[in-house]
Amino acid sequence: MFVLRPCVHFAGRKIRSGMRSETPIHQSSSSSRSPSRDPFGGPVPGCTFYGWVYTAGVALQGFVHEETFVINSIKGRDQVIRGVPVAGVDENGHGTIHLHVRRDKQNYEFSFARALPGEKLNLIVTHVTKNRLKKKEIANFHLAIDERCSASIEEVTPRCQHFAEKCGGCSFQNLKYEAQLREKFELLKMRLKEYEVQVPRAPVDPPVPSPPFGWHARTEFRVFLRDGLQMGLHPEGSPVPVPLSRCHLHPEAAHEAFQALLTALRAAKCTPFDERTGRGWLRHVVLRSAHAAGLVESLATLVTVGEPPREVLNRVAVVAMQNAPRLVGVTWSTEGEESLKSPGWRSVGQQSHKVLAGRSYLMHDVVGMKLKISSEAFFRPNIFLAETLIQTVLEMSAVQPGDVVWDTFCGQGLFTSAFLQMHRDLQMVCIDRSLPALQKLQQNLAEWGHASSAEVLHGDLGIPAYLHRLTAALPDQHRKGELDEADEAHEADLNFEDEVEEADIPFHDTPFQEKVPASLPAPQILLVDPGRNGMPKPFRRHLLDLEVARVVYISSGRALLRDLAYLTSRGYKLEEIKCFDLQPHTAKSLEVVAHLEWTGIG
Ligand SMILES: C[S@@+](CC[C@H](N)C(=O)[O-])C[C@H]1O[C@@H](n2cnc3c(N)ncnc32)[C@H](O)[C@@H]1O
């Protein structure tokens, strides 16, 4: 038997206007029951569960999960509910259960860390709040796992020794890969329904799978002291990193690099940065991998704080490269200070890295070309599926010779390069805010003889003034100007969740020389690949002004749902979607490529 510590606070989900009659429960108190254990025998430090409630009427029309478990009533604390099946997973990789309480005519959803779909749980009521006005009714209740009564038939032994330590990487290594795919797909379909996104045809094709191990293209390891220098990851919600000896999600080349760097850092007596004392200088080691001509290579970046000793950095780089033949370069980034200012910060490629040894880029196969991709710019997380995803974007765009294609959020231009390789006589306009990424894009375009076919613009697509300058450069019929008051009211009415961060860095930190040419060709095809935050709000609005015939949008998670819901309610029709499991074993949602057509009817 294992018992999980009951509830940690659930920051209540905002309910969108389309779901108005659903009443969220904010379960905030935590009660103290027996200490947490997990299925692998260890304590569960941050085991969370939470729930929200729907009124019966709405739930029955819409959101009753197929595997809802029905009970008669919640009687009070310590009541045990036996044999509740785990029905699916949520965005955090936690197992979800669905309960219908007959007496209250209400449906509840709860999530439990490390609970697997298909297993059955005995749950214990740890806290009940009564309705203040109608004392007999329950306003909300908390549950904890009392016992895991039957395991999932899809449970497997995790390959990684660190899985039980919850290093913060994998959520599902103990679940068959086919089951992971199915659950992520079910979650996507459920969320599309919940956000009222009209999917073009049902059923949507199942996700494109990835080889489950050795796919990872980029990981940021924390460097810290614990029985000597260690490299590791942060468990979910914990400031204390877990030291790693290897990560099976990485290709062998990255593992070699990991070992070589760890040994070199220890031998050089590098001082990891300590947040509590402010001493030391090495904060992270970032490993990136890519493959060209079937050969996987890795590149490392040492991320430092303050004034690190340059000769130590150089020595580490040279020694590590000697011991890891597929480590092709070691670069140095001083962006460690930024991660101190904002926790959870990730590099947005605003600063160039310095080369310590070897080269500053990896080679990457894209539709028959070998592109140089730089350490500062965005890497698609999966080295195997990047090319398939690019092919899908090409197919969905149905690009014809002579078309004008805008590649917004272009990064180092993987799409632009692929498009120009397919049709030399396209007119591409590429826009991104990362200068190092754009420099690499220009270098690749020049090497492949495509430079004259692309206008490369450096700007922030989240800044309204910049977007106005872009639209001002378009032919007359595309200059619609500001949204009018009716539009604003409609937008407010839609009440879209902007729970997803709009931008990684404050705008005033962006030292841009934004130059927009006097005239730009209007796009027939618009590629939008904004990353995990989705489209910045001003960009969403300006997209409507552009009335582009065809948009191909690439994103994932809540940002994707929010943006699709917005566009499809404002004149764009969703024609096709395809999804990809870019990050097996992790809770990361499926990456979606969506094709939208402008209809003007919203
Ligand atoms: C997910 S990456 C996509 C990169 C590229 N399409 C690729 O496949 O490699 C997102 C890109 O958007 C850029 N970006 C994020 N927010 C931006 C903004 N507000 N304005 C312009 N570019 C932005 C980032 O610099 C990054 O290169």
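Order of listing sets the numbers, starting from 1, for every ligand and every atom in it.
- Near Gly531, the atoms of ligand 1 lying under 4.0 angstrom from a non-hydrogen atom of the residue are 1 (C).
- Two rings, from Trp598 and Tyr572, have their centers less than 6.0 Å apart.
- Legend: salt bridge (charged side-chain N to carboxylate O under 4.0 Å, His left out) pairs involving residues 356-371, not counting sequence neighbours, sorted by first then second residue: Glu297-Arg359.
- At least one heavy atom of Cys410 sits closer than 4.0 Å to an atom of ligand 1.
- For ligand 1, the atoms closer than 4.0 angstrom to any heavy atom of Phe378 are 1 (C), 2 (S), 3 (C), 4 (C), 7 (C), 9 (O).
- Between Gln412 and ligand 1, no N or O atom pair is found at a separation short of 3.5 Å.
- Of all the heavy atoms of Phe415, the ones lying under 4.0 Å from any atom of ligand 1 belong exclusively to the side chain.
- Within ligand 1, the atoms closer than 4.0 Å to a non-hydrogen atom of Ser434 are 25 (O), numbered from 1 in the order shown.
- The pair Lys184-Glu186 fails the salt-bridge criterion, with no side-chain N (NZ, NE, NH1 or NH2) lying under 4.0 Å from an Asp/Glu carboxylate O.
- Every atom of ligand 1 with a heavy atom of Gly459 under 4.0 Å away is listed here by number and element: 20 (N), 21 (C).
- Closest heavy-atom approach to atom 17 (C) of ligand 1 within the set Arg433, Glu376, Arg532: this belongs to Arg433.
- Close N/O approach between Asp432 and ligand 1 is found [any backbone or side-chain N/O within under 3.5 Å].
- In this structure, His255 has its ring center at least 6.0 angstrom away from the ring center of His248.
- A distance-only check finds a donor-acceptor pair linking the side chain of Arg288 to the backbone of Ser375 [under 3.5 Å].
- Considering backbone and side-chain atoms alike, Phe409 places an N or O below 3.5 Å from some N or O of ligand 1.
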Identify every side-chain donor-acceptor pair in residues 584-591 under 3.5 Å, counting partners at least two apart or on other chains, and give the distances.
residue, atom, partner, partner atom, Å
His585, ND1, Gln180, NE2, 3.0
His585, NE2, Pro212, O, 3.4
Thr586, OG1, Gln583, O, 2.7
Thr586, OG1, Lys588, N, 3.2
Glu591, OE2, Arg380, NH1, 3.1

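- Within ligand 1, counting atoms from 1 as listed, the ones closer than 4.0 Å to a heavy atom of Gly411 are 4 (C), 5 (C), 27 (O).
- The residues Lys573 and Glu597 are annotated as not salt-bridged, no charged nitrogen and carboxylate oxygen being separated by less than 4.0 angstrom.
- If you number the atoms of ligand 1 from 1 as listed, the ones under 4.0 Å from a heavy atom of Arg380 come out as 8 (O).
- Near Gly462, with a cut-off below 4.0 Å to any heavy atom, the atoms of ligand 1 are 19 (N).
- Taking a cutoff of 4.0 Å between a charged side-chain nitrogen and a carboxylate oxygen, Lys189 and Glu194 do not qualify as a salt bridge.
- Between His216 and His250, the distance separating the two ring centers is shorter than 6.0 angstrom.
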